Amino acid sequence: MSSTKKLYIETYGCQMNFSDSEVVASILTKEGYQLTEDIKAADLIFVNTCSIRDNAEKRVINRIQEFKHLKSLKPSLQVGILGCMAERLKENLLQDQKFVDLVVGPDAYRDIPRMLNESMGSRQMANTILSEEETYADIAPVRLDSNGISAFISIMRGCDNYCAYCVVPFTRGHERSRHPRSILNEAKDLVSKGYREVTLLGQNVNSYHWEEGDLKVNFASLMKMVADLSPLLRVRFSTSHPKDISDELIEMIAVTPNICNSFHLPVQSGSSSTLKRMKRNYTREMYLERITKIKSLIPDCGLSTDIIVGYCGETDEEHGETVSLMQEVGYDFAFMFKYSERPDTLAAKKYADDVPEEVKGKRLDEIIKLQQQNSHQSNLKDVGKTFTVLVDSVSKRSKTQMSGRTDQNKVMVFDSLEARLGQYVQVKCTHCTAATLLGEIVNYLE
Ligand code: SAH
Ligand code: SF4
Ligand code: F3S
């Protein structure tokens, strides 16, 4: 294969997908492909897609029509659809989009080189076989869009929770954990390259487990092993399911200085009856008990969440319970969505998507406004306090300002003075907006 072939890769969806694109980039650079950011220069275009909501899929379908045009200008161009939409729609994608060469599901990326050779630009091919074992453990990801400071490490794949609304178990298959040794090796390699922050990724990281002879590793012990690699490495994780957050995990975070004090704990709804229809396996009370535990052991803990409004059968009262839960918890940040019915899920089979679009819109607006107030409140409490910030970028607005994140995962902007990217600095928060903390450096650390 000619070494000058160029690959352009575009990614949608969650961090797992971004992490997978780095695996795909690694597989293809071994095949002699060079990565390009110029789509017009590409010999091969990959889109790594998301199916989580209908609008995520629509966006991709619109976007790929532009590749059709590029292909008419350059007939040798190959186009591949990867990821969750590939898995969900399978060969149908090839039928509907005649210009697409490859459709590859999330567990079939090792097969791409063979598929490219066999398709040769003239035959459409699909591989959407899901695996019980694939974790791409031995593939060193090629870091895309990296700032050389923070990286994601995928520690498990798939999901067995089957929340009633969610397409992920269908697109990503069964849950499986990656060998702890390969996770630690990847983290060590990042540390040796100067990285200072890793986020351990999975759809439900709390259920990470590995057993082999005497070796027994759960999520809390895995995080501790990664944190022990270097006191200068910050460890984060995403996402945890409220039903299996153990006391052990909360205690581990509380006592380990370089495991960040922040939890992303998707609640989805504040109403126990809605949660039951969602098959989340916890009640409002159980969720709030976990929050109380987190707040008591880690008083300065950052808290964020995901919320769905307008789920099947959601009444005004049930929605009101989501509002009151948000008021009670006081999240720093939230991702908020209108329910979008996904084919084949339990919700699609069992319940009518019966909350009118207009009501979904109103409920969403209401909680977005509330969250803005909560974020502002939470930021106001930080004014006057000093935080350790890992400097990760030069401010987009002004070159004399830099920004980074606090342990609690809030963005802090400050005058750059002498700070370097990748350095820890102590910043005193002097004022804030609803979205950002602003402050001044009081001390330079390592
Ligand atoms: N594994 C993670 C979530 C992955 S999907 C977890 O369980 O927390 C990210 C978020 O998308 C979910 O938390 C949920 O809030 C939202 N989401 C998932 N399916 C959805 C649907 N059908 N409609 C609207 N939002 C959805
Ligand atoms: Fe989807 Fe639930 Fe799995 Fe999260 S835990 S990916 S919401 S099925
Ligand atoms: Fe989307 Fe698949 Fe992630 S559906 S949210 S890209 S697991």
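The structure presented is a predicted model; accordingly, all values stated were derived computationally and were not measured. For ligands, and for the atoms within them, numbers begin at 1 and follow the listed sequence.
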Working to the nearest 0.5 angstrom, can you tell me the gap between F152 CZ and E22 CD?
8.5 Å
Heavy atoms, side chains only, cut-off 4.5 Å: are V167 and R88 in contact?
yes
Where ligand 1 meets Y165 - atom numbers and elements under 4.0 angstrom, heavy-atom basis:
18 (C), 19 (N), 20 (C), 22 (N)
Between S272 and Y282, is any side-chain donor less than 3.5 angstrom from a side-chain acceptor?
no
Against heavy atoms of R342, which atoms of ligand 1 measure under 4.0 Å?
22 (N)
Inside 2.8 Å of atom 1 (Fe) of ligand 2 but strictly below it, how many protein N/O/S atoms are present?
1
Please confirm whether R53 comes within less than 3.5 Å of ligand 1 when only nitrogen or oxygen atoms on both sides are compared.
yes
Less than 4.5 Å apart, any side-chain heavy atom of T283 and any of L275?
no
Contact atoms of ligand 3, heavy-atom distance to C14 under 4.0 Å
3 (Fe), 5 (S), 6 (S), 7 (S)
If you measure from each non-hydrogen atom of C84 to ligand 3, which part falls under 4.0 Å: side chain, backbone, both or neither?
side chain
In the protein, what heavy atom is nearest to atom 7 (O) of ligand 1, and what distance, to one decimal place, separates them?
R280 NH1, 3.6 Å
Quick one: look up the protein heavy atom nearest atom 4 (S) of ligand 3 and list residue, atom name and how far away it is.
S51 N, 3.3 Å
Could you identify the single nearest non-hydrogen protein atom to atom 1 (Fe) of ligand 3 and state the distance to 0.1 Å?
C50 SG, 2.4 Å
Ligand 2 atoms in contact with H241 (distance to a heavy atom under 4.0 Å)
5 (S)
Have a look at ligand 3 and work out which part of M16, if any, has a heavy atom under 4.0 Å from it: side chain, backbone, both or neither.
neither
Before signing off on this row, confirm whether T239 and ligand 1 have an N or O atom pair separated by under 3.5 Å.
no
